[in-house]
Amino acid sequence: MITFNKPYFTGKETEYIKEAVKSLKISGDGDFTKKCHAFFEKKYGFKKVLLTTSCTDALEMAAILLDIKEGDEVIAPSYTFVSTVNAFVLRGAKIVFADSGEKNPNINIDSIEALITTKTKVILPVHYAGIACDMDAIMALADKYNLFVVEDAAQAVDSYYKNKPLGSFGHLAAFSFHETKNVISGEGGMLVINEEKFIKRAEIIREKGTNRSAFFRGEVDKYGWVDIGSSFLPSDILAAFLYAQLENIEDIQNKRKYIWNKYKLGFQDLETKGILRLPQIPEYATNNAHMFYIICEDLESRSNLIKHLSESKIYAVFHYLSLHKSSYYKDKYVGPELPFSDLYSDCLVRLPFYYELNDSDIEKVINTICQYFLSKR
Ligand SMILES: *Cc1c(COP(=O)(O)O)cnc(C)c1O
């Protein structure tokens with residue numbers, strides 16, 4: 001049986017967790033949290049990072065930080081995970097859904113400008129599969145209309161746009177360390193703050209609306225309730241787990257890229273024959289090998305393929321039903337059809353993808369899919 005995902009452990013996780021436990025400081029912002037923060041700020045040059053308990057939490061912090069209020073409009077792709085937009089809906093925002101592009105599921109850049117109104121406050125690009133959106137174009141629109149940009153970089157750790165790390169473009173960015181991502185802590189996330197003026201308030205929002213972080217640094221002599229907030233910081237036990245992963249990020253990324261390239265090569269023939277479409281990496285983007293997907297001809301063809309794979313003991317999955325058609329949002333949605341969002345909802349399949357997927361597993365997946373399609377012609 002080849003599962004869809006298998007969390008990878010570097011081996012050091014339990015050792016570091018023991019260290020954290022022995023330090024008798026297992027609440028938030030202990031030594032391992034500090035190590036993780038330093039890692040991201042140093043390696044990727046992020047101005048300021050704060051670990052959170054999830055990417056969802058980081059997005060919720062972003063919505064609070066940007067003072068999102070009833071009636072504010074947020075432009076986001078419809079083809080994304082619920083949390084991308086739910087975080088803003090919680091503050092009363094109206095989501096203005098954009099279509100995906102023709103070449104990949106990222107937001108269609110050319111469609112954004114027409115969606116901007118006097119109420120628009122935020123553009124929310126999602127770097128789908130860790131592949132960069134065209135950030136120059138998005139930041140230019142944000143400048144022109146005085147908007148904020150929050151990158152949903154949940155899948156985009158260690159990925160770049162024109163040699164600059166994703167997560168460093170928007171005013172804010174959110175990463176995920178959920179067990180299905182490249183580096184993990186079970187549940188976990190991180191808010192990146194690229195604007196000096198948001199840093200202090202971000203710390204307060206993360207600490208239940210108190211200035212406790214400044215108190216622990218000795219900047220104030222007592223702490224108290226100074227703003228709204230919640231409990232967004234993870235236990236140092238989770239940070240200990242994450243740190244073991246971060247120490248091995250090069251190895252993890254190299255292995256994932258190896259698997260990705262094998263898949264890509266294995267399906268080239270099917271793509272040339274026009275049987276399916278493979279991911280394309282734009283010139284300006286790197287590939288962080290977060291996932292490997294193929295795009296089938298239509299919904300029926302995808303359903304049949306997933307069924308065939310499952311009968312062959314290979315677990316492939318589809319995901320993201322266009323959010324503008326979700327049961328929660330469909331009655332509120334007033335915009336046009338979003339054909340590419342629907343196309344990816346219907347036709348995209350994610351193949352098994354994890355560190356320990358070995359050559360024979362990869363070959364089995366490739367051969368099963370190639371034989372399946374070629375035998376039907
Ligand atoms: C995984 C994911 C999230 C949510 O991350 P959590 O850490 O589980 O909250 C949000 N957006 C995208 C695009 C994701 O892939």
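Order of listing sets the numbers, starting from 1, for every ligand and every atom in it. Because the structure is a prediction, the values reported are computed rather than measured.
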Protein residue, atom and distance nearest to [atom], heavy-atom basis:
atom	answer
atom 15 (O) of ligand 1	Gln155 NE2, 2.8 Å
atom 14 (C) of ligand 1	Ala154 CB, 3.3 Å
atom 9 (O) of ligand 1	Thr56 OG1, 2.5 Å

With the threshold set at 4.0 Å, does a side-chain nitrogen-carboxylate oxygen contact exist between [X] and [Y]?
X	Y	answer
Arg212	Glu203	no
Glu250	Lys43	yes
Lys162	Asp136	yes

| Measuring from the heavy atoms of Ala58, does anything fall under 4.0 Å of ligand 1? | no
| request: Give a yes/no verdict on whether any heavy atom in Lys181 is under 4.0 Å from an atom of ligand 1. | output: yes
Which bit of [X] is near ligand 1, meaning a heavy atom under 4.0 Å away: side chain, backbone, both or neither?
X	value
Ser54	both
Tyr320	side chain
Val126	side chain

Counting each atom of ligand 1 from 1 as listed, which ones have a heavy atom of [X] under 4.0 Å away?
X	answer
Phe81	3 (C), 4 (C), 10 (C), 11 (N), 12 (C)
Gly188	7 (O)
Ser176	5 (O), 6 (P), 7 (O)

Does the N or O separation between [X] and ligand 1 drop below 3.5 Å for any pair?
X	answer
Ser83	no
Asp152	yes
Cys55	yes

| Mind checking whether Ile294 and Ile2 sit in one hydrophobic cluster, side chains of I, L, V, M, F, W, Y counted as touching below 4.5 Å? | yes
| said: Parallel, tilted or perpendicular: which one describes the rings of Phe353 and Tyr263, with boundaries at 30° and 60°? | reply: tilted
| request: Mind running side-chain contact (heavy atoms from CB on, under 4.5 Å) on Lys255 and Ile259 for me, showing each step along the way? | output: CA-CA 6 Å; Lys255 182 71 197 294; Ile259 296 167; 4.3 Å; yes
| Considering the options Val226, Asp227, Leu233, which one meets the side-chain contact (heavy atoms from CB on, under 4.5 Å) requirement together with Glu207? | Leu233
| query | What distance do Asp72 atom CG and Lys121 atom NZ have between them, rounded to the nearest 0.5 Å? | reply | 4.5 Å
| field | Reference residue Trp260; test ring-ring contact (aromatic ring centres under 6.0 Å, His included); the match among Tyr355, Phe292, Phe267, Tyr354 | value | Phe292
